[in-house]
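Note sheet for the following structure.
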Protein chains: 2
Amino acid sequence: MKNNIKVQRAIHDLTQQELAERIGVSRQTINAMEAAKYVPSTVLALKLSELFGKPVNEIFELEEGD
Amino acid sequence: MKNNIKVQRAIHDLTQQELAERIGVSRQTINAMEAAKYVPSTVLALKLSELFGKPVNEIFELEEGD
DNA sequence: ACAAAATGTAAAATATATTTTACTTTATGA
DNA sequence: TCATAAAGTAAAATATATTTTACATTTTGT
């Protein structure tokens with residue numbers, strides 16, 4: 001699964017730290033998520049969706065092998 | 001977080017077992033997910049989205065306390 | 001160039017998703 | 001009614017998300 005969190009974060013001019021605080025996770029979680037190092041929960045995906053004003057499907061996308 | 005998986009499953013006329021096989025999880029995972037007993041991964045949400053032809057945001061929704 | 005902020009990364013600890021097995025209860029069709 | 005499929009549930013085991021702490025590297029502004 002891939003995502004465009006880094007782009008969305010740039011659009012909304014947020015640091016990883018700020019984004020982390022807004023959705024209630026650690027900075028490392030944001031960092032690892034952007035690097036697609038693991039699969040976040042659906043609650044996190046929905047929170048990002050809400051904050052960015054974008055559907056989950058436009059932030060996250062399935063890849064081969066998922 | 002709440003969801004309408006049970007309804008979607010009815011629309012597509014699938015048993016929990018069949019749905020589980022389609023998206024590659026156990027039947028208990030589907031059952032527990034319908035009962036909102038835990039938060040599934042974003043990959044699962046996207047697979048349901050793909051199978052049901054519905055955006056993740058129309059299958060899952062945040063609630064107070066999430 | 002310097003200082004400070006932001007980002008990348010990693011290991012250990014903890015919380016939680018998911019599986020497996022197994023049993024019970026409920027719905028469905030002959 | 002009887003047999004069977006489907007759904008509900010639970011405990012233990014395993015995999016994985018997330019946090020915490022800590023440090024290295026890169027970026028940014030002055």
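Atoms considered below: every heavy atom in the structure, side chains included; atoms not considered: hydrogens, waters and symmetry mates. Residue numbers begin at 1 in each chain, while the letters A, B, ... track the order of the sequences.
The heavy-atom pair separating Asn57(B) from Val56(A) by the smallest distance is ND2-N, 2.7 Å.
Judged by distance alone, the side chain of Asp13(B) and the main-chain N or O of Ala10(B) form no donor-acceptor pair under 3.5 Å. For Ser41(A) (side chain) and Val39(B) (main-chain N/O), no donor-acceptor pair under 3.5 Å exists by modelled atom type.
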Check against salt bridge (charged side-chain N to carboxylate O under 4.0 Å, His left out), Glu21(B) and Arg27(B): CA-CA 8 Å; Glu21(B) 284 164 3; Arg27(B) 181 180 66 83; over 6 Å; no
Evaluation steps, side-chain contact (heavy atoms from CB on, under 4.5 Å), between His12(B) and Leu51(B): CA-CA 9 Å; His12(B) 293 266; Leu51(B) 182 59; over 6 Å; no
Residues Phe60(B), Asn4(B); criterion side-chain contact (heavy atoms from CB on, under 4.5 Å); working and verdict: CA-CA 7 Å; Phe60(B) 295 93; Asn4(B) 61 6; over 6 Å; no
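For the salt bridge (charged side-chain N to carboxylate O under 4.0 Å, His left out) with Glu34(A), the qualifying choice from Arg9(A), Lys6(A), Lys2(A) is Arg9(A), the only one to do so.
Under 4.0 angstrom from either OP1 or OP2 of dG8(D) there lies at least one side-chain N or O belonging to Lys6(B). Between Ser41(A) and dT18(D) there is a side-chain N or O to OP1 or OP2 distance below 4.0 Å.
Atom CZ in Arg9(B) sits roughly 13 Å away from atom C1' in dA27(C) (whole-Å rounding). Protein atom CG of Leu44(A) is 14 Å distant from nucleotide atom C1' of dT16(D), rounded to whole Å. Spacing between atom OH of Tyr38(A) and atom C1' of dT18(C) amounts to 18 Å, rounded to whole angstrom units.
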If you restrict it to nitrogen or oxygen atoms, what contacts under 3.5 Å exist between nucleotides 27-30 of chain D and the protein, and what is each distance?
none

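If you check residues 16-36 of chain A against DNA chain C, the residues with a heavy atom closer than 4.0 Å are Gln16(A), Arg27(A), Gln28(A), Asn31(A), listed by number. If you check residues 53-66 of chain B against DNA chain D, you find no residue with a heavy atom closer than 4.0 Å.
Atom CD in Gln28(B) sits 13.0 Å away from atom CE in Met33(B) (nearest 0.5 Å). Taking CD of Glu61(A) as the start and CD of Glu50(B) as the end, the distance is 10.0 Å to the nearest 0.5 Å. Taking CD1 of Ile23(B) as the start and CD1 of Ile30(B) as the end, the distance is 4.0 Å to the nearest 0.5 Å. Once rounded to the nearest 0.5 Å, the distance linking CG of Leu44(A) with CD1 of Ile59(A) reads 11.5 Å.
Distances were taken from every side-chain heavy atom of Lys37(B) (C-beta onward) to each of dT18(D), dT9(D), dT9(C); the shortest belongs to dT9(D).
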